[in-house]
Chemist: 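I'd like to ask some things about the structure below.
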There are 2 protein chains.
Amino acid sequence: MAVKLSGNACVGQSGGPTAVINQSLVGVIEAARRHKKQIKSLLGAVHGTKGIMAEEFIDLFCIPQTRLEKIAVTPAAALGSVRHKPKDDECAAMLAVFKKRDVRFFFYIGGDDSARAAQTIACMAAKSHYDLCIIHVPKTIDNNLMESDHTPGFGSAARYVANAVRGDELDNRSLPGVKVNVIMGRDAGWLTAASMLARRKDGDGPHLIYLPEMPFLPEKFLEDVKGVYARHKRCLACVSEGIRDADEKLWAETAGKRLYDGLKDDSKNLLGKPRKDVFGHYQLSGTGVLADFLTGLISNNTDISRVRGDTYGYPQRSFPGFASKVDAREARQVGRHAVKCAAKALGGSVAIRRRPGRAYKSYLALVALELVAGKNRKVPKEHICPGASDICPSFRDYALPLVTDLPETDTLD
Amino acid sequence: MAVKLSGNACVGQSGGPTAVINQSLVGVIEAARRHKKQIKSLLGAVHGTKGIMAEEFIDLFCIPQTRLEKIAVTPAAALGSVRHKPKDDECAAMLAVFKKRDVRFFFYIGGDDSARAAQTIACMAAKSHYDLCIIHVPKTIDNNLMESDHTPGFGSAARYVANAVRGDELDNRSLPGVKVNVIMGRDAGWLTAASMLARRKDGDGPHLIYLPEMPFLPEKFLEDVKGVYARHKRCLACVSEGIRDADEKLWAETAGKRLYDGLKDDSKNLLGKPRKDVFGHYQLSGTGVLADFLTGLISNNTDISRVRGDTYGYPQRSFPGFASKVDAREARQVGRHAVKCAAKALGGSVAIRRRPGRAYKSYLALVALELVAGKNRKVPKEHICPGASDICPSFRDYALPLVTDLPETDTLD
């Protein structure tokens with residue numbers, strides 16, 4: 001597209017919530033208001049693609065700035081989110097709505113699945129020669145978008161995880177035993193790796209960290225735990241919900257299925273049947289089955305009496321008032337940048353890049369949707385220690401600037 | 001005891017950590033330093049009663065105030081905690097250590113089990129005519145100590161829970177479905193009741209709240225969930241880990257045993273065998289079994305597709321940097337008060353009381369150990385709504401002053 005577009009705009013939110021997804025929404029609203037010559041109105045799609053199809057919109061230009069500032073610091077999608085993989089006929093239906101309402105700009109805030117939906121609509125618009133500028137605004141606590149140094153939402157989730165694990169480390173010192181924490185991140189271990197930021201000095205937990213990037217071997221895990229316990233008389237392990245076996249099969253799925261299949265027929269109703277979501281993803285969040293499997297493994301194969309497991313769950317992505325300042329600021333900038341690009345009729349996916357040098361500085365780029373859509377960026381091997389049960393100190397340099405300050409704590413020893 | 005004592009002092013921490021237990025420790029240290037005429041030295045017992053028996057002590061008078069201030073804001077027991085019910089011979093051994101080291105003051109920071117241990121040692125000292133002033137310094141996120149309006153640790157845990165549930169409410173609005181949160185509190189529902197503070201307006205979750213104080217009937221729970229879901233197209237339920245059936249049997253225990261017993265013999269090793277701790281308490285924390293049982297119940301008996309469960313776990317008691325200001329201040333005062341009482345040779349348990357009137361004000365009292373030891377203070381029935389699936393607005397007046405401010409959030413509807 002070479003010529004500047006003018007017409008209405010639409011913005012939607014998609015996928016799992018984050019602590020700063022509304023910063024990006026507010027960034028889009030603010031910047032769109034500054035481009036009123038081109039952007040006549042801004043429609044907020046209620047529950048993403050679902051709202052577009054149902055023509056359920058909120059007029060976002062009429063919301064006062066004071067209210068927007070409160071929305072910005074509120075976790076979870078203020079417009080409502082959606083987990084839905086739009087089919088071709090649904091994309092066609094959305095395009096028809098856009099045409100009917102003269103929508104020329106579409107901002108879709110989400111992860112790699114949302115980028116794919118955006119790409120599908122973009123292709124369809126191009127085919128029907130309808131000028132529509134689509135910008136994918138990145139968002140995911142998983143930090144797994146290609147072409148980015150990191151993604152909005154990650155820094156805040158990592159801050160929650162680092163702080164919760166710090167608390168768990170203090171708790172575990174206080175009442176020694178084995179503690180296993182299962183941390184979010186289906187396809188990449190970024191968030192679990194951030195648990196290493198909880199360490200303050202030698203001997204501090206987490207003592208063991210396992211990511212989906214390396215095969216998880218239960219026998220080795222058991223030996224690792226025994227080794228740490230022998231050395232420290234306690235052990236704090238952080239495990240990604242996405243850990244896989246050597247065949248790339250999710251352990252959470254294996255554990256859930258084994259448990260379900262291991263039940264006698266008249267006891268099957270004690271557990272919900274293991275199931276997959278609309279994307280064919282096996283349900284990992286909102287169940288304690290992986291942590292219970294791992295603590296059972298330790299309890300059944302050692303004589304350690306105190307073994308506990310926590311599945312960190314939704315507070316990782318939606319705990320209010322604990323966002324990273326850098327993450328909040330960047331999430332806002334990403335939303336504004338999307339509008340600036342759209343005003344120049346540039347479509348694609350916004351990416352955060354990091355400038356080289358000791359002091360942390362970032363800048364924004366716009367990349368082609370197909371480089372991001374449906375793709376997964378893993379934690380590079382150089383951050384993973386040999387033995388695959390720990391994270392290298394290099395990861396601290398990467399992650400700490402994104403997490404910013406953590407509450408100060410001290411110990412008596 | 002009428003005469004003032006002089007000699008050495010000992011302080012220990014016991015039971016589950018809290019976010020402010022070290023405020024009380026620092027309160028004891030500060031106040032003891034101001035009574036150096038009577039208190040010659042202050043021994044910090046490492047891991048409570050275990051440290052006393054092993055004579056593992058830290059000299060607490062030598063720690064500079066700047067360091068103490070950092071310790072004070074650090075969650076979990078800085079001296080190390082213990083879950084141990086001392087037997088008579090162990091109490092005798094501790095008394096022997098106290099005699100040997102001329103310990104005349106013993107401050108034990110803990111819950112109702114710790115008060116009982118303190119009482120046993122106090123009785124033994126009295127029998128052997130050894131002048132020993134014992135003060136139980138209250139601490140428990142469970143808020144279940146008799147004679148108190150509330151206990152140090154509760155306000156901060158309630159602040160975490162209210163905020164996490166607020167985030168979950170926003171998350172659940174964003175991606176509608178049924179969400180069940182299991183919240184700590186074995187014998188009393190105070191902390192689970194605090195989830196009601198997450199509500200901002202009509203229709204906000206939590207929509208359902210269940211406490212151990214009322215029998216939990218799975219069939220009724222299912223009907224409650226279906227009713228809320230029919231009305232709001234979503235449902236957020238908060239359930240205490242301590243919910244019981246009509247025979248007072250813990251549902252977590254029943255669920256864990258049913259699941260374990262329901263496994264075929266060759267699959268038993270998939271779960272750790274359900275077990276009890278030293279107090280004969282069935283393990284509730286550190287397992288996701290109750291949440292999985294409740295979500296399974298909903299999944300298997302409704303056609304609701306999105307059903308998730310979280311077990312809030314240890315961050316409730318040990319998340320750094322999120323303590324309630326009132327709770328932190330009172331925890332410190334309680335520690336100081338214990339020393340003031342001891343200096344006057346008054347033994348017992350410190351209790352926080354509330355002054356009547358609209359503005360929140362508290363004061364401290366000293367009560368007999370036997371009024372607190374091993375006892376449990378339940379949530380009064382007047383705070384529980386008819387139907388036993390919600391908490392009355394009166395609870396907000398009780399709990400909000402203890403939790404203090406919560407992060408501001410806003411929604412678009």
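Per chain, numbering begins at 1; letters A, B, ... match sequence-line order.
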Chemist: Non-hydrogen atoms of chain A under 4.5 Å away: do they reach the side chain of Leu60(B), the backbone, both or neither?
Modeler: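 Side chain only.
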Chemist: Shortest non-hydrogen contact from Ser156(B) to Ala19(B)?
Modeler: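 Heavy atoms of Ser156(B) and Ala19(B) come nearest at CB-CB, 3.8 Å.
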Chemist: Under a 4.5 Å heavy-atom cut-off, does chain A meet the side chain of Arg173(B), its backbone, both or neither?
Modeler: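 Answer is backbone: N, CA, C or O of Arg173(B) sit under 4.5 Å from chain A.
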Chemist: If I measure from the heavy atoms of chain B, does Asp261(A) come under 4.5 Å with its side chain, its backbone, both, or neither?
Modeler: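 Just the backbone, heavy atoms under 4.5 Å.
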Chemist: With a 4.5 Å cut-off on heavy-atom pairs, point out which of Lys268(B), Arg67(B), Gln13(B) contacts chain A the most.
Modeler: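 Ranked by heavy-atom pairs under 4.5 Å with chain A, first place is Arg67(B).
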Chemist: Of all of Val165(B), Leu170(B), Thr411(B), Leu175(B), which one pairs up most often with chain A through heavy atoms under 4.5 Å apart?
Modeler: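 Answer, by heavy-atom pair count under 4.5 Å with chain A: Leu175(B).
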Chemist: Quick one: what part of Asn301(B) sits under 4.5 Å from any heavy atom of chain A, side chain, backbone, both or neither?
Modeler: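 When you check distances to chain A, no heavy atom of Asn301(B) falls under 4.5 Å.
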Chemist: Would you mind telling me which of Ser174(B), Ser318(B), Ala72(B) has the largest number of heavy-atom pairs within less than 4.5 Å of chain A?
Modeler: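 Highest number of heavy-atom pairs under 4.5 Å: Ser174(B).
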Chemist: Is a side-chain N or O of Glu169(A) found less than 3.5 angstrom from the main chain of Ala198(A), in a donor-acceptor match?
Modeler: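 No, Glu169(A) side chain to Ala198(A) backbone: no donor-acceptor pair under 3.5 Å.
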Chemist: I'd like to know if Arg200(A) and Glu408(A) make a salt bridge, using a cut-off of under 4.0 Å between side-chain N and carboxylate O.
Modeler: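 The answer is no: the pair does not qualify as a salt bridge.
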Chemist: Quick check for you: among Leu297(A), Leu263(A), Thr409(A), which has the greatest number of heavy-atom pairs under 4.5 Å with chain B?
Modeler: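 Going by pairs under 4.5 Å, I would pick Leu263(A).
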Chemist: Could I get the full list of side chain to side chain donor-acceptor pair (under 3.5 Å) partners for Glu56(A), not counting sequence neighbours?
Modeler: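 None.
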Chemist: What pair of heavy atoms forms the shortest contact from Lys233(A) to Pro176(A), and how long is it?
Modeler: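 Smallest heavy-atom distance, with atoms named: O-CB, 3.7 Å.
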Chemist: In terms of heavy-atom proximity below 4.5 Å to chain A, should Ser267(B) be classed as side chain, backbone, both, or neither?
Modeler: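 Only the side chain of Ser267(B) comes within 4.5 Å of chain A.
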Chemist: Which atoms of Ile63(B) come close to chain A, meaning under 4.5 Å heavy atom to heavy atom: side chain ones, backbone ones, both, or neither?
Modeler: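 Just its side chain gets close to chain A.
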Chemist: Taking side chain as everything from C-beta outward and backbone as N, CA, C, O, which of these in Ala291(A) sits under 4.5 Å from a heavy atom of chain B? Side chain, backbone, both or neither.
Modeler: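 Neither part; nothing is under 4.5 Å.
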Chemist: Quick check on Tyr160(B) against chain A: is it the side chain, the backbone, both or neither that has a heavy atom closer than 4.5 Å?
Modeler: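 It is both, since atoms from each part get that close.
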Chemist: Minimum heavy-atom separation for Asp310(A) and Gly313(B), please, with both atom names.
Modeler: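 Taking every non-hydrogen atom into account, OD1-CA, 3.3 Å.
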Chemist: Please name the pair of heavy atoms, one in Ser324(A) and one in Val403(A), separated by the smallest distance, quoted to 0.1 Å.
Modeler: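 That closest heavy-atom pairing would be CB-O, 3.6 Å.
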Chemist: Among Val180(A), Asp266(A), Val46(A), Asn163(A), single out the residue with the greatest number of heavy-atom pairs under 4.5 Å to chain B.
Modeler: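 Going by pairs under 4.5 Å, I would pick Asn163(A).
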Chemist: Judged by atom type as modelled, is there a donor-acceptor pair below 3.5 Å linking the side chain of Thr295(A) to the main-chain atoms of Asp292(A)?
Modeler: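 Yes, the answer is positive, given that a donor and an acceptor are paired below the 3.5 Å cut-off.
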Chemist: Mind ranking Gly44(B), Ala164(B), Pro75(B), Ser81(B) by heavy-atom pairs under 4.5 Å with chain A and telling me who comes out on top?
Modeler: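 Highest number of heavy-atom pairs under 4.5 Å: Ser81(B).
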Chemist: Considering only heavy atoms and a distance below 4.5 Å, find which of Pro407(B), Ala76(B), Gly262(B), Gly167(B) pairs most often with chain A.
Modeler: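 Answer, by heavy-atom pair count under 4.5 Å with chain A: Gly262(B).
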Chemist: Please identify, among Gly48(B), Gly16(B), Ala78(B), the residue contributing the most non-hydrogen atom pairs under 4.5 Å to chain A.
Modeler: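 Maximum pair count with chain A is reached by Ala78(B).
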Chemist: Testing the basics here: between Trp251(A) and Arg258(A), what is the closest heavy-atom pair and its distance to 0.1 Å?
Modeler: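 For Trp251(A) versus Arg258(A), the nearest heavy atoms are CZ3-NH2, 3.9 Å.
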Chemist: Which value, rounded to the nearest 0.5 Å, describes the distance between Arg166(B) atom CZ and Leu406(B) atom CG?
Modeler: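 Rounded to the nearest 0.5 Å, the CZ-CG separation comes to 9.5 Å.
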